[in-house]
Amino acid sequence: MKFFIKTYGCQMNVNDSEKMRHILTRRGLTPAEDEAEADIVIVNSCAVREKPQEKIFSYAGRMPKDKKVIVAGCVAQSEKEKILKRSPNISYIVGTHQYYQIDQIVDEISEGKIEREKAVKAEFSKQWQEAVPETGSRSGPVSGYISIMEGCDNFCSYCIVPFTRGREKHRPFENIMKEAEYLSAEGYKEIILLGQNVNSWEDKERKMIFPDLLDCLANRVDVKWIRFITSYPGYYDDRLIDVMARHEKIARNIHFPAQSGSTRVLKKMNRIYTRGQYLDIIRRFKRKVPDITFSSDFIVGYPGETEFDLELTLSLVEKVEYENIFSFVYSPRRHTRAFKMTDDIDLETKKQRLYRLQETQKGIQLRNNRAQIGKTVEVLVTGPNPKRPGEIIGRTVNYRVVNFKSVTPAGEFTRVLVENVGPYSLRGREVV
Ligand code: SAM
Ligand code: SF4
């Protein structure tokens with residue numbers, strides 16, 4: 001039997017798909033190249049905004065009748081039985097805490113012994129479930145994901161994650177170290193620690209917090225770069241800054257979502273920091289780790305957001321000079337507190353605000369990238385450029401994309417003289 005996993009959403013979902021691929025392969029199933037050759041199609045879904053959620057239903061709806069379709073992930077968790085009612089061609093629903101049972105579910109489906117109303121496994125569990133994907137089940141051989149925590153206790157007013165991923169669970173220190181050592185032994189050059197709220201990680205038994213974990217990984221694991229996503233700006237402190245300053249291995253880019261530059265909006269979003277506190281952390285970082293860069297997420301058109309609030313967001317973006325940002329129009333999500341607020345900004349205004357934010361950021365990126373012309377940068381080769389045969393793509397320690405001609409294989413480091421830039425990438429010549 002062959003299976004195919006279609007993944008929507010964040011890196012956490014990508015990592016969950018890797019784990020499901022590992023579990024099913026170990027069970028003797030074969031991964032298919034695409035949907036067409038698969039008997040079982042698993043849709044690992046994202047519920048953060050409405051549009052991606054709808055994509056999942058149209059994707060599942062397009063699957064031919066001879067395929068068994070399983071919906072996993074965040075939409076499965078938040079919509080559960082409703083999905084079975086709405087989409088007759090979906091065979092099973094697997095929530096975010098139950099993916100590790102995917103092999104048993106596939107068995108049940110192939111034996112044909114499930115009653116449709118009972119084809120749901122979506123209970124939350126308090127236990128951390130260990131699943132370490134083998135190299136062959138991972139998305140690539142260069143950067144390896146390691147989940148260190150799951151869920152979120154922050155309950156930002158707009159966000160469905162606490163309802164789809166549950167309350168926070170933190171992975172024990174030993175298990176994280178083991179996976180990191182495994183990836184290093186397998187030749188991975190970079191490890192990426194994952195969590196919705198990665199910097200809240202702690203191991204209570206060992207009395208360790210996130211900076212301690214980074215310190216141990218940097219001291220003991222033989223990889224070139226360590227990254228982590230996503231950090232919550234509410235509880236950053238100088239211990240993390242000190243650890244980063246001590247270890248060059250900890251990559252010089254932090255994804256640090258501000259969401260808005262207006263303290264008034266942040267308060268309505270239930271983010272626990274102010275604009276001033278956010279900027280203060282950035283200043284402290286830049287003082288101690290001068291080569292650090294930041295990226296961020298922003299939501300525009302949040303209920304009650306004024307023109308002045310948007311101006312504050314634009315000025316924050318100018319002040320921080322982000323490496324890149326992900327920006328979204330506010331999307332009301334059921335279960336959340338903001339869902340009950342009046343969504344009072346019309347779509348045209350939301351779109352215009354998004355455009356202004358993205359244009360502001362584009363200008364900053366072009367400026368930042370131009371400053372790289374003439375410099376030689378160290379690059380980790382991630383693979384061939386699918387759009388330009390003969391070219392390869394790499395990333396710098398600040399997570400800048402670099403395009404260049406070379407035969408250097410994925411996973412190797414090389415040096416590139418930057419000759420040309422656009423807002424989204426650098427282009428250059430390999431200098432060896
Ligand atoms: N934990 C991360 C943090 O606190 O920044 C964010 C995780 S969330 C899955 C990814 C991004 O989706 C958020 O940073 C936010 O910008 C965006 N997002 C979440 N809910 C949204 C909503 N209802 N409408 C629009 N964007 C949303
Ligand atoms: Fe959602 Fe806020 Fe938790 Fe991020 S910190 S996952 S935005 S609730």
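Counting starts at 1 for both ligands and their atoms, in listed order. Not measured: the values here are computed from a predicted model. Atom set for the values below is all heavy atoms of this structure, side chains included, hydrogens, waters and symmetry mates excluded.
Aromatic pair Phe328/Tyr302: ring centres not closer than 6.0 Å. Taking the six-membered ring for Trp, Tyr399 and Trp225 have ring centres at least 6.0 Å apart.
Remark: minimum distance from atom 9 (C) of ligand 1 to any protein heavy atom is reached at Val48 CG2, 3.5 Å. Summary of contacts: the protein heavy atom closest to atom 2 (C) of ligand 1 is Thr230 CG2, 3.6 Å. What sits closest to atom 5 (S) of ligand 2 on the protein, heavy atoms only, is Asn154 ND2, 3.3 Å. Here the protein heavy atom with the shortest distance to atom 20 (N) of ligand 1 is Tyr158 CD1, 3.3 Å. Ranking protein heavy atoms by distance to atom 2 (Fe) of ligand 2, first place goes to Cys156 SG, 2.3 Å. The single protein non-hydrogen atom nearest to atom 27 (C) of ligand 1 is Ile299 CD1, 3.6 Å, given as residue, atom name and distance. Ranking protein heavy atoms by distance to atom 10 (C) of ligand 1, first place goes to Asp297 OD2, 3.8 Å. Nearest protein heavy-atom contact of atom 23 (N) of ligand 1 is Ser331 O, 2.7 Å.
Residue contact check: Arg49 has heavy atoms under 4.0 Å from atoms 12 (O), 17 (C), 18 (N), 24 (N), 25 (C), 26 (N), 27 (C) of ligand 1. Taking a cut-off of under 4.0 Å to the non-hydrogen atoms of Pro162, the atoms of ligand 2 that pass are 8 (S). Interface of Tyr158 with ligand 2, defined as ligand atoms under 4.0 Å from a residue heavy atom, comprises 7 (S). Each of the atoms 2 (Fe), 5 (S), 7 (S) of ligand 2 lies under 4.0 Å from some heavy atom of Arg271. Each of the atoms 1 (Fe), 6 (S), 7 (S), 8 (S) of ligand 2 lies under 4.0 Å from some heavy atom of Cys159. Ligand 1 places these atoms under 4.0 Å from at least one heavy atom of Arg333: 23 (N). Near Phe155, the atoms of ligand 2 lying under 4.0 angstrom from a non-hydrogen atom of the residue are 8 (S).
Rounding to the nearest 0.5 Å places OG1 of Thr396 at 11.0 Å from NZ of Lys375. Interatomic distance, Asn385 CG to Phe404 CZ, rounded to the nearest 0.5 Å: 10.5 Å.
Under the side chain to side chain donor-acceptor pair (under 3.5 Å) test applied with Arg165, the options His97, Gln77, Glu150 reduce to a single match, Glu150.
Contacts of Phe328 with ligand 1, taken as heavy-atom pairs under 4.0 Å, involve the side chain alone. Residue contacts with ligand 2, taken as heavy atom pairs separated by less than 4.0 Å, involve Cys152 solely via side-chain atoms from C-beta onward. Within the 4.0 Å heavy-atom criterion, neither part of Ile160 lies near ligand 1.
Side-chain contact between Tyr232 and Ser200: absent, with no pair of heavy atoms (C-beta onward) separated by less than 4.5 Å. Side-chain contact check for Thr306 versus Asp309: some heavy-atom pair is nearer than 4.5 Å.
Among Gln196, Arg271, Gln259, the residue whose heavy atom lies closest to atom 4 (O) of ligand 1 is Arg271.
Between the side chains of Glu50 and Ser331, no donor N or O sits under 3.5 Å from an acceptor N or O. Side-chain atoms of Gln372 and Asn369 include no donor-acceptor pair closer than 3.5 Å.
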### Query
Going through the checks in order, is the side-chain contact (heavy atoms from CB on, under 4.5 Å) test met by Met63 and Lys6?
CA-CA 12 Å; Met63 286 302 117; Lys6 174 82 178 170; over 6 Å; no
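Protein heavy atoms are absent from the 4.0 Å sphere centred on atom 7 (C) of ligand 1.
Aromatic ring orientation, Trp201 versus Phe173: tilted (interplanar angle from 30° to 60°).
The neighbour count for Glu174 CD, taken as heavy atoms of other residues, nucleotides or ligands under 6.0 Å away, is above 12.
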